[in-house]
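Letters A, B, ... mirror the listed sequences (proteins, then strands); counts begin at 1.
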There are 2 protein chains.
Amino acid sequence: MLNQKPSLDLTFQALADPTRRAMVERLTLGPASVSELAQPLPMSLPAVMQHLAILEQSGLVRSQKIGRVRTCQLDVQVLRATEQFLSQCRFAWNHRMDRLGAFFEVARVERPHAGTDGR
Amino acid sequence: MLNQKPSLDLTFQALADPTRRAMVERLTLGPASVSELAQPLPMSLPAVMQHLAILEQSGLVRSQKIGRVRTCQLDVQVLRATEQFLSQCRFAWNHRMDRLGAFFEVARVERPHAGTDGR
DNA sequence: CTGATGCTTAAGCAATCACTTTATCATTCC
DNA sequence: GGAATGATAAAGTGATTGCTTAAGCATCAG
């Protein structure tokens, strides 16, 4: 059909958790270290690391370690691809609506008195 | 921050499963009964029903029962809202890129030879 | 070297998930 | 009425999730 990439699994799964979405939103403001990411979150550092690992597996976030601090940043490419999946679904749906509209249009012209409420 | 609606939890969670995405994609082509949805899927009908329940809870799908057949259809509104969350993230990120660019632009003009560490 | 800081690993645990099978219920067809 | 059809409800199960605590490693400041 439209799309069955396993990467979508990982991305949607990653975004399904409010903690991870908060991390993503934090990263839209710019890169951050692990502890900076963890600071506003009501959980232990290891827990944040696990969330981070999931975000990295999905490709939403990349990170590199310099000295003893790991710096994380958003990768909008995956964000874009995910957005595209949704818009494609909407597009297909709208396309069908258009075709439906066209059908009723034709029906209305060929049988002007038929009860086709809903244009 | 940007968005912390619990509905996003449900929607992303719903879309995280390939079976449920397949159901959504099927529904972009038009309404379908439960068994029509189940037909291409390699699992029992009750399993499909459970997936459907999750899709309905998220608001992605609505359904009504007429006689003994339940007809399901996509609700693009939630799809649209989810898409918006992602595009807002990208927008914030791009906005930061722009500001960064402007900063370096200014820095380059005002102090053409300076090391550009922090204002 | 010594201690503080930042991150990482490992193990454990309760809750949730994605199914299954079995048993009903309600509607339509003959 | 009685069988076939479409959809549900209920209970059980193994795997996964989202944490925790405790311990360990690497880097940096004094």
Side-chain angles (χ1 to χ4, degrees), chain A residues 4-27 30-74, chain B residues 4-27 30-74 117-118:
Chain A
Q4 207 54 281
K5 295 183 183 175
S7 69
L8 280 178
D9 281 44
L10 297 176
T11 309
F12 281 124
Q13 186 65 53
L15 291 170
D17 187 279
T19 298
R20 285 189 298 260
R21 281 203 309 281
M23 292 170 72
V24 164
E25 293 184 1
R26 164 61 187 85
L27 289 175
S33 72
V34 174
S35 7
E36 280 170 354
L37 278 181
Q39 184 260 319
L41 300 174
M43 65 186 65
S44 67
L45 199 66
V48 174
M49 295 274 314
Q50 288 169 18
H51 283 300
L52 180 59
I54 288 172
L55 286 171
E56 293 210 57
Q57 280 169 28
S58 74
L60 283 166
V61 170
R62 281 178 297 109
S63 77
Q64 59 177 342
K65 195 167 180 175
I66 296 178
R68 61 183 166 176
V69 45
R70 174 173 299 277
T71 302
C72 311
Q73 63 178 323
L74 209 57
Chain B
Q4 206 57 278
K5 295 183 183 175
S7 70
L8 280 179
D9 280 43
L10 296 177
T11 310
F12 281 124
Q13 186 64 54
L15 291 170
D17 187 280
T19 297
R20 286 190 295 260
R21 280 203 310 281
M23 291 168 74
V24 165
E25 295 184 1
R26 163 62 187 84
L27 289 175
S33 71
V34 174
S35 9
E36 279 170 354
L37 278 180
Q39 184 259 322
L41 299 175
M43 65 185 65
S44 68
L45 199 66
V48 174
M49 295 271 315
Q50 288 168 20
H51 283 299
L52 180 60
I54 288 172
L55 286 171
E56 293 211 56
Q57 280 169 29
S58 74
L60 283 166
V61 170
R62 282 179 296 110
S63 76
Q64 59 178 341
K65 195 167 182 175
I66 297 178
R68 62 183 166 179
V69 45
R70 175 173 297 279
T71 302
C72 312
Q73 63 179 321
L74 210 56
D117 35 62

Within-4.5 Å side-chain heavy-atom neighbours: [X] and [Y]:
X: A:V24; Y: A:L55; value: yes
X: A:L52; Y: A:M23; value: yes
X: A:L15; Y: A:L60; value: yes

Next on the checklist: What's the separation between atom CD in A:Q57 and atom CD1 in A:I54, rounded to the nearest 0.5 Å?
Outcome noted: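 A:Q57 CD to A:I54 CD1: 6.5 Å, rounded to 0.5 Å.
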Item to check | Interatomic distance, A:Q50 atom CD to A:R20 atom CZ [nearest 0.5 angstrom] | outcome: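 Interatomic distance, A:Q50 CD to A:R20 CZ, rounded to 0.5 Å: 10.0 Å.
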Checklist entry - Pairs in or reaching into residues 61-74 of chain A: which pass salt bridge (Lys or Arg N to Asp or Glu O under 4.0 Å), with residues at least two apart or in two chains? => result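 Applying salt bridge (Lys or Arg N to Asp or Glu O under 4.0 Å) to every pair that reaches into residues 61-74 of chain A, excluding sequence neighbours, yields A:R62-A:D75.
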Validation: residues 31-43 of chain B side-chain donor-acceptor distances under 3.5 Å, sequence neighbours left out:
from  : atom 1 : to    : atom 2 : distance (Å)
B:S33 : OG     : B:E36 : N      : 3.1
B:E36 : OE1    : B:S33 : N      : 2.9

Item to check | Sorted by number, the residues of residues 55-64 of chain B with heavy-atom contact under 4.0 Å to DNA chain C | outcome: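 Within residues 55-64 of chain B, no residue comes under 4.0 Å of DNA chain C.
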Checklist entry - Is DNA chain D part of any stem, that is, at least 3 consecutive Watson-Crick or G-U pairs with both distances under 3.5 Å, and where? => result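 For DNA chain D the paired stretches long enough to count as stems (3 pairs minimum) are C:1-30 with D:1-30.
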Protein N or O to nucleotides 24-30 of chain D N or O, pairs below 3.5 Å:
from   : atom 1 : to    : atom 2 : distance (Å)
D:dT27 : O2     : A:R68 : NH1    : 3.0

Checklist entry - Whole-Å distance between D:dT17 P and B:F12 CZ? => result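 Atom-to-atom, B:F12 to D:dT17, this comes out as 18 Å.
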Checklist entry - Rounded to whole angstroms, how far apart are CE on B:M49 and P on D:dA7? => result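 Distance, rounded to whole Å: 8 Å.
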Strictly under 3.5 Å: I want the nitrogen or oxygen pairs between protein and nucleotides 18-21 of chain C, one per line.
from   : atom 1 : to    : atom 2 : distance (Å)
C:dA18 : OP1    : B:R20 : NH2    : 3.3
C:dA18 : OP2    : B:R20 : NH1    : 3.2
C:dC19 : OP2    : B:H51 : NE2    : 2.8
C:dC19 : N4     : B:Q50 : OE1    : 3.1
C:dC19 : N4     : B:Q50 : NE2    : 3.3
C:dT20 : OP2    : B:S44 : N      : 2.9
C:dT20 : OP2    : B:S44 : OG     : 2.7
C:dT20 : O4     : B:Q50 : NE2    : 3.1

Checklist entry - Quick one: side-chain hydrogen bond (donor to acceptor under 3.5 Å, both in side chains) partners of B:E56, sequence neighbours excluded? => result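 Counting only residues at least two positions away or on another chain, B:E56 forms a side-chain hydrogen bond (donor to acceptor under 3.5 Å, both in side chains) with B:S63.
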